[in-house]
Amino acid sequence: MEGRTMQERRYAQATTRITHDVLDGEVLVIEESTGTYYSMSGTAATVWVVIGDGRSVDAIADAVGTHHATDADRVRPDIDAYLDELLTNGLIVLSDTAKTSDTPGDTPSLGSIPAVPWETPVLGKFTDMRDLLMFDPVHEVDTSGWPNVER
């Protein structure tokens, strides 16, 4: 990954650290080790779904721009900043290999994400339910699984 330009870099969702789902056009992500949860809607949700498991910045910008009827060059600076924010929060990782194609039209289904007018993506970060989310006993099991509690 060294020596790649920003547009050549590939990003993937950090699926070993997070749980995520799309509900009514909103993406909810829970960072499993801390209980911090994130909310993404509108353009932020589109970026998240398009990232998938190994897309380049150019492919992300093209798919997001198409979905929101905006030129990829117009959305790219906002997407670059948003990818940096997702990376800083540990929700995505740099990917060495692509598991998905960058072929135009070969993007995940965005049917559940509204095609709203373009706006800068916003990541909502919440820690107010951290204690409740971490209370789940599944977090305190040993490697053999439930019901074997760590000691």
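From a predicted model like this one, the values you see are computed outputs, not experimental measurements.
Distance alone, capped at 3.5 Å, places no donor-acceptor pair between the R10 side chain and the S95 backbone. Remark: side-chain polar atoms of N89 are not paired, donor with acceptor, to backbone N or O of L91 under 3.5 angstrom.
Minimum interatomic distance between T43 and P117 (heavy atoms only, all atoms of both residues): CG2-O, 4.3 Å. Here the closest non-hydrogen pair linking L94 and L87 is N-CD1, 4.1 Å. Nearest approach of I113 to G25, heavy atoms of both residues: CD1-O, 3.8 Å. When every heavy atom of A61 is checked against every heavy atom of A72, the shortest pair comes out as O-CB, 3.7 Å.
Within the structure, no pair that satisfies the ring-ring contact (aromatic ring centres under 6.0 Å, His included) test touches residues 74-93, not counting sequence neighbours.
Hydrophobic clustering, with ILVMFWY side chains joined whenever heavy atoms are under 4.5 angstrom apart, groups V22 together with V29.
Put simply, the side chain of I18 does not reach to within 4.5 Å of the side chain of E32, judged on heavy atoms. For the pair I51 and L83, the minimum side-chain heavy-atom distance is below 4.5 Å. Side chains of S39 and E26 form a contact here, defined as non-hydrogen atoms less than 4.5 Å apart.
Every side-chain contact (heavy atoms from CB on, under 4.5 Å) that T15 has, sequence neighbours left out, goes to Q13, H20. Contacts of V93 classified as side-chain contact (heavy atoms from CB on, under 4.5 Å), with partners at least two apart in sequence or in another chain: A12, A14. Legend: residues meeting salt bridge (Lys or Arg N to Asp or Glu O under 4.0 Å) with D24, ordered by chain and number and at least two apart, are absent. Listed by chain and residue number, H68, R74, V75, W118 satisfy the side-chain contact (heavy atoms from CB on, under 4.5 Å) test with T70 (two or more places apart in sequence, or in another chain). For D21, there are no side-chain hydrogen bond (donor to acceptor under 3.5 Å, both in side chains) partners, not counting sequence neighbours.
Considering V122, L123, I92 in turn, L123 is the only one that fulfils the side-chain contact (heavy atoms from CB on, under 4.5 Å) rule with E85.
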Item to check | Full working for salt bridge (Lys or Arg N to Asp or Glu O under 4.0 Å) between R17 and E31 | outcome: CA-CA 6 Å; R17 300 181 36 140; E31 204 286 308; 3.0 Å; yes
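Connectivity analysis of hydrophobic side chains (ILVMFWY, heavy atoms under 4.5 Å, direct or indirect) links L23 to L28.
Note that the CG atom of D58 and the CZ atom of R9 stand 12.5 Å from one another [nearest 0.5 Å]. Y11 contributes atom OH, which lies 13.5 Å from atom CH2 of W48 (distance to the nearest 0.5 angstrom).
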